[in-house]
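Taking it in order: structure first as structure tokens, then the write-up.
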Amino acid sequence: QVRLVESGGGLVQPGGSLKLSCVVSGINLENYVVGWFRQAPGKEREGVAYSSNYDGRTTYADSVKDRFTISRNNAMNAVFLQMNSLKPEDTAVYYCAATMYLRIGVPVRPGEYDYWGQGTQVTVSS
């Protein structure tokens, strides 16, 4: 059984930082692209950061570039999202996801991912 379990969400003031973690079991992350997605109330789920297992590259949505950093620890079978300079518009439920993708690049649409966590709430507010 594949499980992805996120943690690290919470309430933070604008300009603050949070680090999200996603621990994976049931699959070997070395063989999977991993992504972080978010969904705000009334909005569609959107991708924010991706990590390719094929060539090690990371990709970011323009809205989080230079503020968020995705990383993975294959030994721990875990993926992380460091979020700095947080803004109120970053408020959302954040999900990690994984899919097997054996070529250059990363899938960016939620429908292209096979495995999902349950999500963790991030609220940016003063």
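Counting from 1, the numbers follow the sequence of the chain as shown.
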Shortest non-hydrogen contact from [X] toward [Y]:
| X | Y | result |
| --- | --- | --- |
| L29 | A98 | CD2-CB, 4.4 Å |
| A61 | G47 | CB-O, 3.5 Å |
| D55 | S52 | OD1-OG, 3.1 Å |
| T123 | Q121 | OG1-NE2, 3.3 Å |
| S126 | P14 | N-CD, 3.7 Å |
| S85 | S17 | N-OG, 4.4 Å |

State, yes or no, whether a side-chain contact exists between [X] and [Y] at a heavy-atom distance under 4.5 Å.
| X | Y | result |
| --- | --- | --- |
| I70 | Y60 | yes |
| K19 | M83 | no |
| N28 | N77 | yes |
| L20 | V122 | yes |
| N31 | M100 | yes |
| L86 | L18 | yes |
| N84 | F68 | no |
| S71 | Q82 | no |

With clusters defined by side-chain heavy atoms of hydrophobic residues (ILVMFWY) lying less than 4.5 Å apart, directly or transitively, does [Y] cluster with [X]?
| X | Y | value |
| --- | --- | --- |
| L102 | V106 | no |
| V79 | I27 | yes |
| Y113 | V34 | no |

When rounded to the nearest 0.5 angstrom, what is the spacing between [atom1] in [X] and [atom2] in [Y]?
| X | Y | atom1 | atom2 | answer |
| --- | --- | --- | --- | --- |
| R3 | Q118 | CZ | CD | 8.0 Å |
| S21 | L81 | OG | CG | 9.5 Å |
| S7 | F80 | OG | CZ | 8.5 Å |

Does the ring pair (Phe, Tyr, Trp, His ring centres under 6.0 Å) test come out yes or no for W36 and Y50, once each step is laid out?
CA-CA 6 Å; W36 284 96; Y50 314 88; over 10 Å; no
(request) List the steps and the verdict of side chain to side chain contact (heavy atoms under 4.5 Å, CB included) for V2 and S25. (result) CA-CA 6 Å; V2 179; S25 59; over 6 Å; no
Only residue of V64, T91, V93 satisfying side-chain contact (heavy atoms from CB on, under 4.5 Å) with R38 is V64
**Asked** Does R45 count as lying over the ring of Y95, i.e. NZ or CZ under 6.0 Å from the six-ring centre, within 45 degrees of the axis?
**Response** yes
*Check ion pair D62-K65 (N to O, under 4.0 angstrom)*: yes
D66, CG: over 12 other non-hydrogen atoms inside 6.0 angstrom = no
Discussion item. Looking at E44, I want to see if its CD is surrounded by more than 12 non-hydrogen atoms of other residues, nucleotides or ligands under 6.0 Å.
Written reply: no
Check: C96 main-chain N/O paired with E6 side-chain donor or acceptor under 3.5 Å
yes
| task | Without swapping roles, check the side chain of R67 against the backbone of S63 for a donor-acceptor pair under 3.5 Å. | result | yes
Can you list the steps and then say if Y115 with T99 is a side chain to side chain contact (heavy atoms under 4.5 Å, CB included)?
CA-CA 7 Å; Y115 304 109; T99 193; over 6 Å; no
* Taking the inter-plane angle between the rings of W116 and F37 on a 0 to 90° scale, is it parallel (under 30°), tilted (30 to 60°) or perpendicular (over 60°)? -> tilted
Subject >> Side-chain donor-acceptor contact under 3.5 Å, S51 with R72 >> reply: yes
